[in-house]
Amino acid sequence: MKSGPDIARIAILIGDPARANILSALMTGHALTASELASEAGVTPQTTSSHLRKLQDGGLIDLRHQGRHRYYSLAGDEVARTLEALMGLAAGKGHLRTRPGPKDAALRHARVCYNHLAGDMGVQMFNALSLQGAFEMTSNDMTLTAEGHTIVTDFGVDLTALSRSRSPLCRECLDWSARRSHLAGKLGRALLTAILDRGWAHRMEGTRVIAFTHSGQTAFDAAFKPG
């Protein structure tokens with residue numbers, strides 16, 4: 001047996017179509033029940049329970065209890081980034097499960113990637129912040145500069161509150177539709193929250209789509225000028 005990480009196990013877990021549907025549904029960032037995930041997966045509740053056990057045992061999803069209900073969610077940003085990257089690889093190689101539908105353009109324009117903004121709008125925000133000198137990047141790390149601190153604080157992000165969590169502040173995430181980077185990490189989540197709180201956009205129920213209002217699009221473009 002070869003030594004090192006067992007990527008085959010992860011590939012098998014993600015590779016099953018029903019489990020792939022479950023994981024894709026959880027990319028909305030919402031915790032869902034087994035019955036909701038059964039509908040997304042297109043299989044029976046009994047089969048869904050088996051898939052959920054395997055995904056949980058494999059460390060890809062988490063389970064939490066709330067009263068009599070059990071909710072499932074992705075096991076963190078690392079899982080979401082991996083799924084987003086795989087979606088990009090699949091799309092780039094032409095492996096699409098369905099023909100483009102009416103929501104396809106909306107998903108490519110703006111969507112939630114687990115807990116941060118993705119699509120063309122996410123890429124635009126990341127590029128604008130980068131051009132303004134908000135980040136310092138090395139081969140292994142990405143940090144917020146003093147200029148970046150000022151920019152995001154002026155936008156309404158409480159960096160002191162974000163510092164209480166040990167998870168990374170900012171990370172690059174390869175966008176599956178644009179094939180360029182958008183912003184992940186605690187800062188990516190906080191900026192999306194600020195955008196929604198300002199009323200610039202809202203999440204379309206039951207989808208990953210982030211729908212911007214006309215005035216919200218204008219305000220976003222002013223704050224994060226397209227490069």
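Residue numbers start at 1 and run along the sequence shown.
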Quiz item: Cluster question for you: counting only ILVMFWY and a side-chain heavy-atom cut-off of under 4.5 Å, with indirect links fine, are M125 and I210 together?
Solution: yes
Quiz item: Take atom NE2 in H65; do more than 12 heavy atoms of anything else shown fall under 6.0 Å from it?
Solution: yes
Quiz item: Are the side chain of R203 and the backbone of T28 linked by a donor-acceptor contact shorter than 3.5 Å?
Solution: yes
Quiz prompt | I10 and T82, any side-chain heavy atoms less than 4.5 Å apart | solution = no
Self-check item: Side-chain heavy atoms of M27 within contact of C113, under 4.5 Å
Solution: yes
Quiz prompt | Ion pair D221/K225, N-O distance below 4.0 Å | solution = no
Quiz prompt | Heavy-atom pair of closest approach, residues A178 and V123 | solution = CB-CG2, 3.7 Å
Quiz item: Quick check: does any side chain N or O of T207 sit under 3.5 Å from a backbone N or O of M204, one acting as donor and the other as acceptor?
Solution: yes
Self-check item: Spatial distance of atom CD1 (I22) from atom CD1 (I61) [nearest 0.5 Å]
Solution: 7.0 Å
Quiz item: Given side chains that start at C-beta, do those of Q56 and D62 come closer than 4.5 Å, heavy atoms only?
Solution: no
Self-check item: Side-chain heavy atoms of D16 within contact of I12, under 4.5 Å
Solution: no
Quiz item: Would H182 and D175 count as having a side-chain donor-acceptor pair, cut-off 3.5 Å?
Solution: yes
Quiz item: R208 and H30: side-chain donor and acceptor closer than 3.5 Å?
Solution: no
Quiz item: Are the side chain of S181 and the backbone of E172 linked by a donor-acceptor contact shorter than 3.5 Å?
Solution: no
Quiz item: Do we see a donor-acceptor contact under 3.5 Å between the side chains of H51 and R19?
Solution: yes
Practice problem: Would you indicate whether the side-chain heavy atoms of L183 and L129 approach each other to under 4.5 Å? | Solution: yes
Self-check item: R70 side chain to T33 backbone, donor-acceptor under 3.5 Å
Solution: no
Quiz item: Does T218 reach the main-chain N or O of H214 with its side chain, forming a donor-acceptor pair under 3.5 Å?
Solution: yes
Practice problem: Taking the six-membered ring for Trp and the full ring for Phe, Tyr or His, determine whether the centres of W200 and F155 are under 6.0 Å apart. | Solution: yes
Exercise. Report yes or no: does T145 contribute a side-chain atom to a donor-acceptor pair with the main-chain N or O of E136 at less than 3.5 Å?
Key: no
Quiz item: Between E84 and R111, is the closest basic N to carboxylate O distance under 4.0 Å?
Solution: yes
Practice problem: Grab the two heavy atoms, one from I14 and one from A20, that are nearest each other, plus how far apart they are. | Solution: O-CB, 3.5 Å
Quiz item: So do K186 and P168 actually touch side chain to side chain, heavy atoms under 4.5 Å?
Solution: no
Practice problem: Mark yes or no for whether Q124, through its side chain, and D120, through its backbone, hold a donor-acceptor pair below 3.5 Å. | Solution: no
Quiz item: Which heavy atom in C173 sits nearest to a heavy atom in A184, and how many Å separate them?
Solution: CB-CB, 3.9 Å
Exercise. Would you check if there is a donor-acceptor pair between the side chains of T44 and T47 at a distance under 3.5 Å?
Key: yes
Practice problem: Specify the closest pair of heavy atoms between G88 and R179, including all atoms of both residues, with the distance to one decimal. | Solution: C-NH1, 3.1 Å
Practice problem: Compute whether any side-chain donor of one residue and acceptor of the other, for S49 and Q46, lie under 3.5 angstrom apart. | Solution: no
Quiz item: Above 12 or not: heavy atoms from other molecules or residues under 6.0 Å from CZ of R180?
Solution: no
Quiz prompt | L37 CG to L32 CG distance, which is reported to the nearest 0.5 Å | solution = 5.0 Å
Quiz item: Is the CD atom of E78 crowded by more than 12 outside heavy atoms at less than 6.0 Å?
Solution: no
Practice problem: Please confirm whether F126 and F135 have ring centers closer than 6.0 angstrom. | Solution: yes
Exercise. Looking only at non-hydrogen atoms, find the nearest pair between V157 and A190 and report the distance.
Key: CG1-CB, 3.9 Å
